[in-house]
Amino acid sequence: QVQLVESGGGLVQSGGSLRLSCAASGSMNAMGWYRQATGKQRELVAVISSRGITNYADSVKGRFTISRDNAKNTVYLQMNSLKPEDTAVYYCKVTRWGGMDYWGKGTLVTVAS
């Protein structure tokens, strides 16, 4: 089984920054982050392929940066200029070689106004 360990969530003020980390128990193809705010649909935040190709939600472009360290099987999400509307549970999702998806338990990010 794939194990995912998420860290970095917490409470920050509007305009502040956080860095999320997700460490996987093995090498992965795609790695990314989703989020779900209360009363809202879960949405893709950012994803990065094994080749380093990235995609971002329009709402976070220019503020968030996704990266990965393949030696550590870890994906990061650097979040800058945070807004209250970024408040959500952030979930790490990885796709194993072969196409199987695995989800983390989620980490709460709260941005105070």
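These numbers were taken from a predicted model, which means no experiment stands behind them.
No continuous path of hydrophobic side-chain contacts links L11 to Y90 [ILVMFWY only; heavy atoms under 4.5 Å]. Connection of V89 to V47 is established within a shared hydrophobic cluster, with ILVMFWY side chains joined at heavy-atom distances below 4.5 Å, either directly or through further cluster members.
Side-chain atoms of T54 and R68 form no donor-acceptor pair, as typed in the model, at a separation below 3.5 Å.
Sequence neighbours left out, not one pair with a member in residues 38-86 passes ring-ring contact (aromatic ring centres under 6.0 Å, His included). For residues 73-113, the pairs satisfying disulfide (SG to SG under 2.5 Å) are C22-C92, with sequence neighbours left out.
With sequence neighbours left out, the side chain to side chain contact (heavy atoms under 4.5 Å, CB included) criterion links N80 to S17, Q78. Partners of W103 according to the side chain to side chain contact (heavy atoms under 4.5 Å, CB included) rule, which considers only residues two or more places apart in sequence or in another chain, are Y34, R42, Y91, K93. Under the side chain to side chain contact (heavy atoms under 4.5 Å, CB included) criterion, A23 pairs with T74, not counting sequence neighbours.
Closest of all the heavy-atom pairs between A24 and L4 is CB-CD2, 3.6 Å. Counting all heavy atoms, side chain and backbone alike, M31 lies closest to V94 at CE-CG1, 3.8 Å.
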Please report the C-alpha distance between R96 and V2 in whole Å, then the side-chain angles of each, then the deciding distance to 0.1 Å, and finally whether the side chain to side chain contact (heavy atoms under 4.5 Å, CB included) criterion is met.
-> CA-CA 9 Å; R96 200 169 71 180; V2 170; 4.0 Å; yes
Decide yes or no on side chain to side chain contact (heavy atoms under 4.5 Å, CB included) for E43 and R35, but give the supporting numbers first.
-> CA-CA 6 Å; E43 64 175 349; R35 69 186 182 187; 2.8 Å; yes
Pair M79-W33, side chain to side chain contact (heavy atoms under 4.5 Å, CB included): steps then yes or no = CA-CA 12 Å; M79 304 185 293; W33 294 92; over 6 Å; no
Go through the steps for D101 and T95 under the test side chain to side chain donor-acceptor pair (under 3.5 Å), then give the verdict.
-> CA-CA 4 Å; D101 292 341; T95 303; 2.8 Å; yes
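Note that the CZ atom of R51 and the CG atom of N29 stand 8.5 Å from one another [nearest 0.5 Å]. Atom CG of residue L44 and atom OG of residue S59 lie 9.5 Å apart, to the nearest 0.5 angstrom. To the nearest 0.5 Å, the span separating CG on N70 from OG on S27 amounts to 8.0 Å.
Using a distance-only test at 3.5 Å, with no hydrogens or angles considered, a donor-acceptor pair links the side chain of S49 to the main chain of I53.
Salt bridge status for D86 with K83: absent, with no side-chain N to carboxylate O gap under 4.0 Å.
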Which pairs would a plain distance check flag for residues 104-113, meaning a side-chain donor or acceptor within less than 3.5 Å of a matching protein atom at least two apart in sequence or in another chain?
residue, atom, partner, partner atom, Å
T107, OG1, G9, N, 3.4

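Proximity of Y102 to Q3: side-chain heavy atoms (C-beta onward) are nowhere separated by under 4.5 Å. When side chains are defined from C-beta on, L77 does not count as touching T65, because their heavy atoms never get closer than 4.5 Å.
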